[in-house]
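Worksheet: one structure, shown below.
Position 1 is the first residue of the sequence; numbering continues from there. No hydrogens, no waters, no symmetry mates; every other heavy atom, side chains included, goes into these values. Atoms within each ligand, like the ligands themselves, are counted from 1 in listed order.
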Amino acid sequence: MSITILGIESSCDDTAAAIIRDGYLLSSKIANQDIHKEYGGVVPELASRAHMQNIIPVVSSVLKSAQLDPKDIDAIAFTRGPGLLGSLLVGTSFAKGFALARKIPLIEVHHLQAHILIHFIKSQTYSKKEPKFPFLCLLVSGGHTLLVVVKDHLEMEIIGSTIDDAAGEAFDKSAKLMGLPYPGGPFIDQFASSGDENRFKFAKPLIPDFNYSFSGLKTSILYYLRDRLKEDPDFIKSNINDLCASIQKTIIDILIDKLIKAARQTGINQIALAGGVSANSGLRKRFEKEAAIMKWEVYLPELRFTTDNAAMIAITGFYKYQKGIFAQQEIAPMARMDF
Ligand code: KG4
Ligand code: ZN
């Protein structure tokens with residue numbers, strides 16, 4: 001018997017819905033919220049209001065594109081956390097209402113576990129390689145930087161995390177210092193492609209174990225730019241490509257050094273990337289290069305599945321459904337949430 005799951009994602013500023021049937025993606029839609037660009041970051045109150053406006057049209061749109069009716073949905077999965085509470089509340093309330101009205105199971109999903117499980121979406125059009133357990137996943141997003149040992153679909157252990165900023169924040173905050181729009185990660189990626197990555201040197205942290213730190217890098221960029229701008233007010237404009245390439249290389253070096261250390265110490269050679277920053281072309285290239293040297297078998301998410309989406313929520317829901325792990329109507333969203 002087929003299992004059809006509707007997934008809902010509303011943890012930050014994207015309202016997303018997707019439908020997965022037996023692990024295959026039938027439809028996935030995302031309503032982005034451009035309003036935050038004006039403010040240089042996500043404004044929580046505006047995000048939750050936009051989610052309220054977007055959620056019903058986005059769900060209607062995935063149902064229509066999958067040529068399904070609400071009665072064809074067997075269970076609804078939603079992001080419980082971590083994320084912005086007001087934003088999470090919109091997706092949670094919608095999912096509860098839908099489950100209650102349709103008398104179907106409700107499934108809570110951890111946003112970060114879902115980013116990792118994106119690797120298990122099957123494709124009807126090509127044969128897709130899935131990571132074998134246990135695998136190591138470097139999860140790099142706007143809010144988190146984690147090294148995770150994935151033992152099974154629903155059994156994951158965090159072995160390293162950031163002690164301050166996330167990798168995505170390092171990109172976005174560096175971009176902001178250079179006057180680039182929010183979120184700055186994709187702009188840095190774009191400018192970096194024609195820059196010299198060895199032109200400028202920025203501080204790298206000395207943090208023990210498999211943990212990360214990115215706040216020192218931001219400070220190092222801030223002071224460097226401040227000094228250069230005193231001599232030449234056009235310094236950023238005339239060096240934007242080299243600055244972006246050098247900043248991007250520093251972030252990638254920090255990420256990859258710990259990944260290599262973790263792979264060596266755990267003895268795991270199945271390595272995956274996930275999260276918004278895994279869209280970065282420099283990181284993807286470097287990851288493939290290290291894989292060849294280290295003899296890793298690597299897994300890169302499709303670009304459309306790197307940033308927030310609901311396909312990852314629906315696939316996680318699919319695995320929980322198979323195990324009968326369901327939530328109650330009393331469930332509340334959580335801004336912070338353990339694995
Ligand atoms: O996973 P995600 O969509 O949201 C969170 O759960 O945080 O990640 C968003 C982050 C932002 O910081 C954004 O700048 C970064 O991913 N990002 C990139 C690229 N595309 C998105 N960073 C570097 N290069 C990119 N191409
Ligand atoms: Zn995310």
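Under 2.8 Å from the Zn ion (ligand 2) lies an N/O/S atom of His115, whether from backbone or side chain. Taking backbone and side-chain atoms together, Cys12 has no N/O/S atom less than 2.8 Å away from the Zn ion (ligand 2).
Atom NZ of Lys285 is surrounded by 12 or fewer heavy atoms from other residues, nucleotides or ligands within 6.0 Å. Atom CZ of Arg199 has more than 12 neighbouring heavy atoms from other residues, nucleotides or ligands inside a 6.0 Å radius. Within 6.0 Å of the CG atom in Asp338, the count of heavy atoms belonging to other residues, nucleotides or ligands does not exceed 12.
Closest heavy-atom approach to atom 5 (C) of ligand 1 within the set Ala175, Gly168, Gly142: this belongs to Gly142. One option in Gly282, Gly276, Gly185 has a heavy atom closer to atom 20 (N) of ligand 1 than any other, and that option is Gly276.
At a 3.5 angstrom cut-off on N or O pairs, His115 counts as close to ligand 1. Distances between N or O atoms of Gly143 and those of ligand 1 include at least one value under 3.5 Å.
Within the 4.0 Å heavy-atom criterion, the part of Asp172 lying near ligand 1 is the side chain and not the backbone. The side chain of Asp189, and not its backbone, has at least one atom closer than 4.0 Å to an atom of ligand 1 (non-hydrogen atoms only; side chain from C-beta on). Contact annotation: for His111 versus ligand 1, heavy atoms closer than 4.0 Å belong to the side chain alone.
The ligand atoms of ligand 1 that sit less than 4.0 angstrom from a heavy atom of Pro183 are 14 (O).
When hydrogens are left out, the protein atom nearest atom 3 (O) of ligand 1 is Asp308 N, 3.0 Å; that is the closest non-hydrogen contact.
Inter-residue side-chain proximity for Leu136 and Ile159 is flagged as met; some heavy-atom pair is nearer than 4.5 Å. Put simply, the side chain of Leu6 reaches to within 4.5 Å of the side chain of Ile8, judged on heavy atoms. Side-chain contact between Ser174 and Lys218 is absent, with no heavy atoms from C-beta onward closer than 4.5 Å.
For Lys129 and Tyr299, the positive end sits near the middle of the six-membered ring, less than 6.0 Å away and at most 45° from its axis. Under a cutoff of 6.0 Å and an axis angle of 45°, Arg80 and Phe78 do not form a cation-pi pair.
Residue Asp308 approaches the Zn ion (ligand 2) most closely through its N/O/S atom OD1.
Only one option out of Phe133, Phe305, Phe318 pairs with Phe120 in a ring pair (Phe, Tyr, Trp, His ring centres under 6.0 Å); it is Phe133.
Ligand 1 has Pro186 within reach: a non-hydrogen atom of the residue lies less than 4.0 Å from it.
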